[in-house]
Amino acid sequence: MARWKALPAGLDPAVVEFVAELRRLKDTSGLSLRDLATGTGYSSSSWERYLGGRLLPPREAVESMATMVAADTTRLLARYERAGDAWRRDHLDDSGAGEEPERGQEEGASAAPGVLVVPVDPGEGPRAGAAVVGKGAGSRPRNLLRQLATVGLSAAAGAVIAVLVMEPGHSASAVAVPRTTATAAKPVPYTCHFVRKAGLWYAGNSATRTDHLQVDMWGPEVAELQCLLQHAGESPGGVDGNFGPLTESAVISAQKAFRLDVDGQVGPRTWAALRR
């Protein structure tokens, strides 16, 4: 019997119950990760994430596993639905979608008199692969700094720079500067404007053909991927620039349709297939 690692902290009890059931079925059946990959069509690395509680499997993967181990499919899918509801609710809360800005970030309620607090645009941030700002898709930050914004302010004596750093789940802190007029950048929604160049499709968010993308990454490259998936008939659940479970499921479906290696991650071969 496998010695399982502890599940990530903070998982909803419904998710914990579902993942524990998947682990039990794997243990009692004696199947290896490779066996699951062969029998379900989802890679060993994907099953490692599913059984580690880092990602919920697609419904198709759950049904295939239930068939392989002769489990009660109806009962397992009922647990899957409860876990899926909890997962979507928790990750919606994490992304801040549908929430109102915290008082003090937008209205400056917690600021001292004469101090300007500049809100940070959550749609922008450091990209993965660079210390502060670089090229390519970014990783959704949890324990990393979420934002670095610099606002230049003019004064008679010279220039004063205010730097604000925000960390997820923590309140923002800012350097106090004399109040003056400043406008915070507004989030720019991602859209799909398809253009065909040299026989390849582009959606207007990124021209990359090589960037590696996977779950928990974010940025314009992910938005470009989501547009191309929609164009190929595979719904990622929307174009928000976040590589979540629905986007991974769409990538897997596309990889199967294009007869590529199925791992739920995007590299040069998947980009080439989606852009053709």
Side-chain angles (χ1 to χ4, degrees), residues 1-99 140 142 169 214-218 222 226 229-230 232-240 242-257 262-265:
M1 182 176 294
R3 295 181 60 185
W4 296 104
K5 294 182 180 179
L7 292 174
L11 286 181
D12 188 275
V15 177
V16 172
E17 178 185 358
F18 172 68
V19 175
E21 180 65 9
L22 291 185
R23 290 180 170 187
R24 185 189 68 80
L25 291 174
K26 178 184 178 299
D27 286 343
T28 56
S29 67
L31 295 175
S32 65
L33 291 177
R34 180 172 296 181
D35 293 333
L36 285 173
T38 301
T40 65
Y42 293 84
S43 67
S44 297
S45 60
S46 292
W47 274 108
E48 186 177 1
R49 293 197 293 273
Y50 303 154
L51 294 166
R54 289 179 286 158
L55 188 68
L56 280 188
R59 183 186 183 92
E60 182 183 75
V62 177
E63 292 174 337
S64 297
M65 180 183 187
T67 300
M68 289 182 68
V69 301
D72 185 335
T73 303
T74 301
R75 179 171 174 269
L76 185 60
L77 287 177
R79 287 187 172 183
Y80 173 70
E81 294 297 336
R82 290 195 296 272
D85 290 342
W87 185 277
R88 286 187 290 272
R89 182 176 61 251
D90 290 347
H91 284 69
L92 181 65
D93 292 343
D94 286 346
S95 65
E99 295 181 10
R140 179 181 303 169
R142 290 187 181 275
Q214 63 185 31
V215 170
D216 285 342
M217 300 185 78
W218 59 275
V222 177
Q226 291 170 329
L229 286 168
Q230 287 186 344
E234 305 292 347
S235 175
V239 180
D240 59 3
N242 289 308
F243 199 133
L246 293 178
T247 298
E248 187 196 38
S249 181
V251 169
I252 289 171
S253 296
Q255 289 173 332
K256 289 182 177 180
V262 179
D263 60 2
Q265 302 180 21

Could you tell me which non-hydrogen atom of L246 sits nearest to which non-hydrogen atom of P236, and how far apart they are? CB-O, 3.3 Å
Heavy-atom pair with the smallest gap, counting every atom of A66 and T73: CB-OG1, 3.6 Å
So which pairs with a foot in residues 31-48 pass salt bridge (Lys or Arg N to Asp or Glu O under 4.0 Å), sequence neighbours left out? none
Only one of R49, Q265, Q214 passes side chain to side chain donor-acceptor pair (under 3.5 Å) with E248; say which it is. R49
Can you check side chain to side chain contact (heavy atoms under 4.5 Å, CB included) on W87 and L11, steps first, answer last? CA-CA 8 Å; W87 185 277; L11 286 181; 4.1 Å; yes
Can you tell me which residue pairs pass the ring-ring contact (aromatic ring centres under 6.0 Å, His included) test with a partner in residues 7-29, sequence neighbours excluded? F18-Y80
With sequence neighbours excluded, residues passing side chain to side chain donor-acceptor pair (under 3.5 Å) with S253: none
Min side-chain heavy-atom separation L25-L76 under 4.5 Å: yes
The side chain to side chain contact (heavy atoms under 4.5 Å, CB included) partners of A37 (sequence neighbours excluded) come to S44
Verify, without hydrogens or angle tests, whether E17 (side chain) and R79 (backbone) share a donor-acceptor contact under 3.5 angstrom. no
Could you list the residues that satisfy side chain to side chain contact (heavy atoms under 4.5 Å, CB included) with S29, not counting sequence neighbours? L31, V69
Under the rule for side chain to side chain donor-acceptor pair (under 3.5 Å), what residues qualify as partners of R23, not counting sequence neighbours? none
List for me each residue that meets side chain to side chain donor-acceptor pair (under 3.5 Å) alongside E234, sequence neighbours excluded, and say none if there are none. none
Got a list of side-chain donor-acceptor pairs under 3.5 Å for residues 52-65, not counting sequence neighbours?
from, atom 1, to, atom 2, distance (Å)
R59, NE, E63, OE2, 3.3
R59, NH1, E81, OE2, 2.4
E60, OE1, Y42, OH, 2.7
E60, OE1, K256, NZ, 2.6
S64, OG, E60, O, 2.9

Under the side chain to side chain donor-acceptor pair (under 3.5 Å) test, which residues partner Q230, sequence neighbours left out? none
Enter the distance from T40:OG1 to W47:CH2 here, rounded to the nearest 0.5 Å. 5.5 Å
Shortest non-hydrogen contact from T247 toward N242: OG1-O, 3.6 Å
Closest non-hydrogen atoms of V15 and A83, given as atom of the first, atom of the second and distance, are CG2-O, 3.6 Å
